[in-house]
There are 2 protein chains.
Amino acid sequence: MASLTSGNRRPVRLADIAKAAGVSHGTASNVFSRPEIVREEVRERVRAAAEAMGYGGPDPKGRLLRAGKVNAIGVATAEPLSYFFDDPFARVMMAGISQACDATGAGISLVSAANNEQLAWNIQSALVDGFIVFCIEGGSRLVELARERKLPFVALDLDSEDGSVAAIGVDNIAGAGMAARHLTDLGHRRFAVLALPFADDRTGLVSAEQVRAATYAGTRDRLTGYLRELSRVGVDTSKVPVYETANDVASTKAGLETIFASDAPPTAILAMSDRIALVALEWLSARGLNVPDDVSIVGFDGVPEAAVSEPPLTTIAQPIAEMGRLAVRAILESDGPVSRHQLPVELIVRSSSGPPRG
Amino acid sequence: MASLTSGNRRPVRLADIAKAAGVSHGTASNVFSRPEIVREEVRERVRAAAEAMGYGGPDPKGRLLRAGKVNAIGVATAEPLSYFFDDPFARVMMAGISQACDATGAGISLVSAANNEQLAWNIQSALVDGFIVFCIEGGSRLVELARERKLPFVALDLDSEDGSVAAIGVDNIAGAGMAARHLTDLGHRRFAVLALPFADDRTGLVSAEQVRAATYAGTRDRLTGYLRELSRVGVDTSKVPVYETANDVASTKAGLETIFASDAPPTAILAMSDRIALVALEWLSARGLNVPDDVSIVGFDGVPEAAVSEPPLTTIAQPIAEMGRLAVRAILESDGPVSRHQLPVELIVRSSSGPPRG
DNA sequence: AGCAAAATTTGAATCGATCCAAACAAAATG
DNA sequence: CATTTTGTTTGGATCGATTCAAATTTTGCT
C-alpha cells in the first residue's frame, strides 16, 4: 500500500520535502519550528508533502548540532545499568533526580557499563548537558572521566578533598558520630564496624594504614566519626574490628563470620550502609541471635527498606531525594563557582538497637 | 592558572586544535578516532594541543550527525519520570531492559512528561534509535506519538488490534482465565473484579457497553478471561461487579468500598494488577476481614512485592524481565516484519487464596 | 639513483537541521 | 503614483564532527 515512496531506502530529509513542496529548505524548516510565520497555503502544502513522503518531523540529530543543548542530564555509575532500578539508595536518589528533571522538562540518560573501556566510551559519547556521578565504587575513575568531558558535573556522595569538583554529600563524620553515640548511650562497649570500601576491589579486616590510604574519603570519614565517639567513652578503638565489605551480601556475610568468630563478640555493630545492616540483620537471625537483645545494629543511609525490615532498622538517614534534586539544579544552573553542598543527616531510632544484655 | 586560553568563552572545536597543531582537521579527527593510523610525532603534537587548549574530546553532537546511530534506546511512558523507579512492574521491566542494553552496550534514555504537550515534544526530540513504549495509561496517544517519529518501536503490554505496531505482551485472556479457574476450583461463586483502566481518566463500576468500547484491549481481554471462566461454572456474570480503578491507591479503595457495601459481598476478588491486589490486601486487613478465610484474592503481574506481602499474594506472573529483554532486541535488530510476541503467563499460588468459608 | 609500494596527510563533501540578513511581494499610507 | 510598512520567502552560513579519494611523503628494493 504505502510503497509509493518506498523502495528508496534512504530516510527522508527536510530538504527532500522542501523540494517536493517547491519551497526553500528555510521555509520548510519554519513550517515545523515556527509554523505561524509561514503562509497557510504553503504550510499545508509542505505538511502534505511531508505526510506523503513519510517524513517523521525534523530529525533531532540535526537540530541538536545547531541548538547546542541536548536538554538531558546523564547519570553515571560504574555499576551495571540495572543498579539504578535495583539498589534502594540509587532508587531514592533517582526519584529525586526525576522530580527535578520533570519540573524543568529535562530528560535523563543512564550511563554505565559493565567493563571499563565501555564505560569510558559511554561517558565520552553520552549526549547530555552534564553529568551526575554516582561515586559508590570506582568513583575516582568516574570523576576523572566526567571531568575530561569538560561538561558540568556533580559528584554525589563523594567526600573528595579535591575542591575543584562540585559535590553533594552529607556530613559523614557527624552522622557516624551520631550512630556511635546512640549505641554508647545505650551502654554498649564492645563494637564491630562493617565498612564500605576504602579502596577498590578489596575486602577484609583493615589496618590503620589502609584506612589512612583510603581512596574513598567518605568511608574514612564515617570510620573517623565512629571511632572518635567510641574513644570518647573509653573504648580502645584499636581493638574494634573494622571489616571492609564490598557493600554486597557475600562480603558482608564473610565479615560477620570473621567478627563473630571472636571470643568476645561485639554487642553492637556499626554498619556503614543500610544494605550492609539489612544483610547483617538476616545473618544474625539465621544464626539465632536476637536483635537488639543479643546484638544491636545501626545502619547508614535511611533507605525505605530499613523502615520495614524485621526488626525495623535504626539508621542515620541522609536526605537522599533532596540530594538528587540539588544535583540536577546544580547541573542546570551551573554558572557560579564550583558548588559543594553538605547536607545534614538525622538519627532515626527504630528497633534494631537497644541496651546490651545484662 | 589555566587561564592561558580562557577568556575565550567559545568552546574549543576539533578544527581549533587542528590549526593549533598545524595539521588538517582530517588528521586531527584521526588522532581521536583511529590514532593508529597517524604518525606518532604528529599524534602527540595534536594531543598536546588538545590538552593545552582544554579540548574535551570530539563532541558527540558532531559525531552523531555523521554516524547516524545514537546507540541508545528510549523508554517512554505517559507517567512522570519517577514512575520508572517507584513502580514495581516498571522496575522489573527496566531491569530486563537494562540487562539487554548492557549486553549490547546501548544506553537508556528515559522519556516522559507530566503534561501532554511536553510529552509530545520530548518524544519528537528524543535522541534515540528506537522506543520502547510503556502502555500503562495514555497508551494510545503514546503509540501514536512514537509512530510519528518513524523510528523502530515496540509497545509493551499492549494488546492492540492494530497489527501494524510491534508489541510484546502476554496472553491476557488465558492468564485471567487461570486466575478465575483457580478460584472457582476452590469453590468460590461470589466474585468482584477490580479492573485496570478501560479508558483514560475514568473510574467506577463499568457497564457492558463501556467494556465493549474499551480503549485498552488488554483490560478488556483480562475481563473476558475472567468472565468466560466464571460463566463456565454457572456464575451469572451480569451480577459480578466490575470496578474500574486507575491502578492507584485511592481508586482501588473506592472500588472496595463500593463492592463491600453490597448485601452479598464477594468471597473472592479478581484484581487485574498486583498493585491493586496489594492495596486490597491492606484494605481488607484494616477492615478486619481475613484473607483468605473471609475473602480470597488473586492478582496479576507477578511483581516481587507480591511474594512478601502479608499474606503472600496468589497471582498470575508475567515474564516481565524477559519482556524487557525481548523489547530491546526487537528494537536493535529491527529488520524483518513487525514482530508481535505473546508470552506465556503462570499461575503462582500463594496464601491469599483459599476455599470460601463454610 | 630510480621506481614501485606503503604509509601519511590533505581537503572537500557530507550528515540534517536552524538562523538570519537580504530579497521580494503585498498592503497600507501620504 | 511613489513610498513606507508589513509579511513571506530565499539561500548561504553554521553547528562539529567523520569519511574517503586523491595528493604527498616515506620506505624498500634493485
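Residue numbering restarts at 1 for every chain, and letters A, B, ... go by the order of the sequence lines.
A/Arg149 places its CZ atom 13 Å from the P atom of D/dG16, with the value rounded to the nearest Å. Between the CZ atom of B/Arg13 and the P atom of D/dA17 there is a distance of 8 Å, rounded to whole Å. Here the C1' atom of nucleotide D/dT14 and the CZ atom of B/Arg66 are 17 Å apart, to the nearest Å. Atom CD1 of B/Ile37 is separated from atom P of C/dT8 by 9 Å (rounded to the nearest Å). Spacing between atom CD of A/Glu40 and atom P of C/dA26 amounts to 18 Å, rounded to whole angstrom units. Atom CG of B/Asp59 and atom C1' of D/dT18 are 13 Å apart (whole Å). Rounding to whole angstrom units, OH of residue B/Tyr55 and C1' of D/dA17 are separated by 7 Å. Protein atom CG of B/Leu14 is 5 Å distant from nucleotide atom P of D/dA17, rounded to whole Å.
Using a cutoff of 4.0 Å between basic side-chain nitrogens and carboxylate oxygens, A/Glu51 and A/Arg47 are not scored as salt-bridged.
Within the 3.5 Å criterion, the main-chain N or O of A/Ala100 finds no donor-acceptor partner in the side chain of A/Arg325. Formation of a donor-acceptor pair under 3.5 Å by the B/Ser112 side chain with backbone atoms of B/Leu81 is found in this model. Between the A/Ser29 side chain and the A/His25 main chain, no donor and acceptor come within less than 3.5 Å of each other.
Residue whose closest nucleotide on DNA chain C sits further toward the 5' end, between A/Ala67 and B/Glu36: B/Glu36.
Ring-plane geometry between A/Phe85 and B/Phe85 is classed as parallel, the angle between the planes falling under 30 degrees on a 0 to 90 degree scale with a further cut at 60.
Of the listed nucleotides (C/dG16, C/dA17, D/dA17), C/dA17 has the atom at the smallest distance from the side chain of A/Pro58. Side-chain atoms of A/Arg39 lie closest to D/dT8 of the nucleotides D/dA17, C/dC19, D/dT8.
Using a 4.0 Å cutoff on non-hydrogen atoms, the parts of residues 20-34 of chain A near DNA chain D are A/Val23, A/Ser24, A/His25, A/Gly26, A/Thr27, ordered by number.
For residues 120-129 of chain B, the set of pairs meeting the side-chain hydrogen bond (donor to acceptor under 3.5 Å, both in side chains) definition, not counting sequence neighbours, comprises B/Gln118-B/Asn122.
The nearest pair of heavy atoms linking B/Lys69 to B/Leu64 is O-CD1, 3.6 Å.
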